[in-house]
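Please read the structure below before turning to the comments.
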Amino acid sequence: MAAISREEVAHLARLSRLAVTEEELGTFAGQLDVILQAVAQVGEVAAADIPPTSHSVPLTNVLREDVVTPCLTPEEALSGAPDAEEQRFRVPRILDEDVAS
Amino acid sequence: MTDVTAMTATQIAGLVATGAASAVEVTQAHLDRIAAVDGRINAFLHVDTEGALAAARDIDARRAAGEELGPLAGVPVAVKDVLTTKGVPTTVGSKILEGWHPPYDSTIVERLRAAGTVMLGKTNMDEFAMGSSTEYSAYGPSRNPWDTDRIPGGSGGGSAAALAAYEAPLAIGSDTGGSIRQPGAVTGTVGAKPTYGGTSRYGLVAFSSSLDTPGPCARTVLDAALLHAAIGGHDPRDSTSIPAPVPDVVAAAKLGATGDLSGVRLGIVTEFGGEGAEPGVTAAFNEAVATLTKLGAEIVEVSCPHFRYALPAYYLIAPSECSSNLARFDGVRFGLRVGDDGNRSLEEVMSLTREVGFGPEVKRRIMLGTYALSSGYYDAYYGQAQKVRTLITRDFTAAFERVDALISPTTPFVAFPLGARTSDPYQMYLADLFTIPTNLYGGPGISVPCGLSDGLPVGLQVMAPTLADDRMYRVAAALESAVGTFTPPAL
């Protein structure tokens with residue numbers, strides 16, 4: 001049985017903000033199915049009592065000294081932006097007009 | 001003067017230090033070599049001719065003024081396009097960052113400059129460092145100087161190919177699952193993944209933050225060690241940077257070069273045997289093991305029972321972190337924006353931008369990670385993979401109670417023909433079968449050329465305990481002293 005359906009891949013693409021094409025959906029569904037069946041092998045390991053490792057470095061709450069250091073100017077920070085206005089990143093509308101009004 | 005492009009970084013630094021060659025001459029020779037051969041190799045995405053010559057002139061002026069310069073001053077270096085370079089294009093091999101000129105330098109690039117090295121340009125890579133062949137680069141694959149119909153490894157295939165094609169004596173890579181070591185192995189060059197946290201990730205475009213490790217690539221073990229020493233060490237701008245000194249990897253490489261490994265215990269992992277590697281790789285590896293024995297090393301077989309789950313665990317952990325990290329590429333703050341016609345909503349513009357800007361492997365991994373992190377699947381996939389990561393770490397810890405370092409083939413197979421593994425993504429993933437466990441554990445690993453199989457290079461991997469990077473350099477240098485270096489046919 002397939003581990004993942006075409007509908008589930010379409011849902012994942014929406015969650016991932018990827019406007020995938022119909023053709024891609026079919027390709028990705030087949031490929032992700034193969035990959036998911038392979039990685040599901042981790043389920044064979046008896047690990048109920050094993051603590052998870054998120055990170056190999058045993059450091060927590062690393063803070064820097066509370067001193068002012070140089071940083072980017074607004075012009076530098078905005079230098080790669082596709083669109084900018086009044087020292088801000090300019091974005092397309094976020095809400096539908098009838099909702100916003 | 002003999003051809004400086006054929007020299008090691010150590011030799012070039014010696015020429016510049018004594019004034020036998022200027023940094024400008026050395027740099028120009030490498031720029032000429034790039035102009036002559038890179039059309040066939042495609043190692044570079046961007047050659048910074050003016051920046052390189054300006055940096056070289058600066059080194060020459062400082063030397064003329066009597067300034068004390070570092071051991072790599074005047075040596076050219078190629079930098080993987082995953083590291084930000086102020087004012088110099090940084091694409092990460094992706095269309096989504098095409099034309100981006102970062103406003104800041106990564107720590108690694110800052111340190112390269114402080115060491116007096118001369119950056120030649122930025123090297124090709126699989127998009128966002130996801131791949132084992134550079135075929136997932138949005139700018140076309142790099143080619144292996146040993147056989148230009150074959151892959152140079154990946155993701156850092158551009159850096160490795162630049163070394164093997166004598167376009168640069170030093171290069172920087174980044175290793176998340178093998179992206180420094182596997183390209184080193186298939187191009188007959190040296191690639192070292194430092195201990196995680198031993199080299200700064202500040203300015204390294206993130207793929208999988210708990211695994212990504214920048215590191216040195218070179219044609220000799222000593223050169224790699226010198227580069228490692230120049231870029232390594234604590235960086236307060238990276239909260240995962242380890243506040244400890246870099247082990248003396250240069251001294252270790254010099255010690256190893258004496259060819260004496262008496263008293264050193266090396267482990268061979270039982271679970272890496274069997275059907276893992278192709279016969280030619282296994283034969284070259286076995287021959288190298290015999291050589292290491294002759295050098296005085298004691299060989300012990302050790303069992304690491306959870307290593308067989310490393311590949312599946314990695315392909316849950318890395319995509320999960322990738323799906324989160326790559327959310328920042330949304331067409332707002334930098335890079336590409338598609339479909340902003342005044343009618344589409346922000347969400348529609350984001351989705352179109354990411355659809356057009358990302359290639360298929362990046363999309364697969366984002367969706368795979370999104371799946372593994374979904375409620376309902378989290379415990380069975382991401383959570384379980386993190387537990388397996390703990391067990392793999394315990395396997396390493398137990399092994400290092402018995403041996404000083406572990407050895408294995410770096411990759412299961414030699415450089416494969418372009419196109420051979422792109423139709424089945426999982427076949428590509430298998431290239432990192434032997435390198436991934438080290439990333440999950442966080443320790444250091446190095447690939448050093450150990451022989452040829454049907455005329456193509458085979459690498460031997462040395463894996464050492466966390467923060468014992470010096471050990472792997474000693475073993476690698478000893479092997480190199482016995483088997484020599486490997487030169488591809490003239491291009």
Side-chain angles (χ1 to χ4, degrees), chain A residues 4 8-9 11-21 24 27-28 31-32 34-45 47-59 61-65 69 71-73 75-83 89-96, chain B residues 100-104 196-197 210 236 239-240 242 306 309 311-313 315-316 323 330-337 340 342 344-352 354-355 358 360 363-364 366-368 370-371 380-381 383-391 393 424-426 429 440-442 466:
Chain A
I4 190 163
E8 282 177 292
V9 174
H11 180 60
L12 287 175
R14 276 194 300 277
L15 290 175
S16 308
R17 302 290 184 270
L18 291 167
V20 297
T21 63
E24 277 181 307
T27 309
F28 286 146
Q31 291 169 337
L32 289 173
V34 170
I35 297 166
L36 279 171
Q37 302 216 24
V39 298
Q41 285 176 67
V42 296
E44 297 170 8
V45 182
D49 303 328
I50 304 298
T53 295
S54 62
H55 218 270
S56 63
V57 176
L59 295 170
N61 296 339
V62 178
L63 303 174
R64 64 172 170 79
E65 292 296 308
T69 53
C71 66
L72 299 181
T73 64
E75 289 71 29
E76 287 171 326
L78 291 165
S79 63
D83 200 0
F89 296 103
R90 193 174 184 284
V91 298
R93 67 185 166 82
I94 292 173
L95 301 171
D96 289 331
Chain B
W100 184 51
H101 291 65
Y104 70 106
Y196 176 87
S210 80
S239 63
T240 56
I242 298 173
H306 300 94
Y309 298 105
L311 195 73
Y315 277 101
L316 288 164
S323 71
D330 54 8
V332 173
R333 286 156 298 163
F334 30 67
L336 189 71
R337 179 184 288 184
D340 185 10
R344 290 194 177 92
S345 70
L346 178 65
E347 190 175 317
E348 287 167 332
V349 171
M350 275 182 189
S351 301
L352 277 173
R354 289 161 65 80
E355 167 64 13
F358 291 139
K363 291 179 194 172
R364 275 191 288 274
I366 288 173
M367 289 192 285
L368 185 60
T370 302
Y371 181 84
Y381 287 104
Q384 178 74 3
Q386 286 189 309
K387 292 177 175 184
V388 171
R389 187 173 182 181
T390 304
L391 292 168
T393 300
D424 182 350
Y426 203 78
Y429 297 174
L440 293 173
Y441 159 60
T466 300

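Just so it is clear: chains get the letters A, B, ... in the order the sequence lines come, proteins before strands, and each one is counted from 1.
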Chain B: which of [options] shares the most heavy-atom pairs with it under 4.5 Å?
{"options": "A:Ala81, A:Ser56, A:Ala40, A:Pro82", "value": "A:Pro82"}
{"options": "A:Pro51, A:Ser79, A:Ala13", "value": "A:Pro51"}
{"options": "A:Leu72, A:Val20, A:Val34, A:Val39", "value": "A:Val39"}

- Item | side-chain hydrogen bond (donor to acceptor under 3.5 Å, both in side chains) assessment of A:Arg64 paired with A:Thr69 | CA-CA 11 Å; A:Arg64 64 172 170 79; A:Thr69 53; 5.4 Å; no
Top of [options] for chain A proximity - count of heavy-atom pairs under 4.5 angstrom:
{"options": "B:Leu336, B:Ile242, B:Leu352, B:Leu391", "answer": "B:Leu391"}
{"options": "B:Pro312, B:Gly331, B:Gly335, B:Gly442", "answer": "B:Pro312"}
{"options": "B:Arg344, B:Lys363, B:Arg333", "answer": "B:Arg333"}
{"options": "B:Tyr426, B:Trp100, B:Tyr371", "answer": "B:Tyr371"}
{"options": "B:Asp424, B:Ile366, B:Val349, B:Thr370", "answer": "B:Thr370"}

Identify which part of [X] has an atom lying under 4.5 Å from any heavy atom of chain A, answering side chain, backbone, both or neither.
{"X": "B:Ala313", "answer": "both"}
{"X": "B:Val332", "answer": "both"}
{"X": "B:Ser323", "answer": "neither"}
{"X": "B:Pro102", "answer": "neither"}

- Might you confirm whether atom NE2 of A:His55 has over 12 heavy atoms from other residues, nucleotides or ligands at distances under 6.0 Å? yes
Considering only heavy atoms, which portion of [X] lies under 4.5 Å from any heavy atom of chain B: side chain, backbone, both, or neither?
{"X": "A:Arg90", "result": "backbone"}
{"X": "A:Ser16", "result": "both"}
{"X": "A:Glu76", "result": "both"}
{"X": "A:Ile4", "result": "side chain"}
{"X": "A:Leu18", "result": "both"}
{"X": "A:Glu65", "result": "neither"}

If you round to the nearest 0.5 Å, how far is [atom2] of [Y] from [atom1] of [X]?
{"X": "A:Ile94", "Y": "B:Glu347", "atom1": "CD1", "atom2": "CD", "answer": "11.0 Å"}
{"X": "B:Leu346", "Y": "B:Asp330", "atom1": "CG", "atom2": "CG", "answer": "7.5 Å"}
{"X": "A:Leu36", "Y": "B:Tyr315", "atom1": "CG", "atom2": "OH", "answer": "14.0 Å"}
{"X": "B:Gln384", "Y": "A:Glu44", "atom1": "CD", "atom2": "CD", "answer": "10.0 Å"}

- Taking every non-hydrogen atom, the tightest pair across B:Thr393 and B:Leu440: OG1-O, 4.1 Å
- Item | Expected output: side-chain B:Tyr196 to main-chain B:Tyr441 donor-acceptor under 3.5 Å |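 Absent.
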Does some side-chain heavy atom of [Y] sit less than 4.5 Å from a side-chain heavy atom of [X]?
{"X": "A:Glu8", "Y": "A:Leu12", "value": "no"}
{"X": "A:Ile35", "Y": "B:Tyr429", "value": "yes"}
{"X": "A:Gln31", "Y": "B:Pro360", "value": "no"}

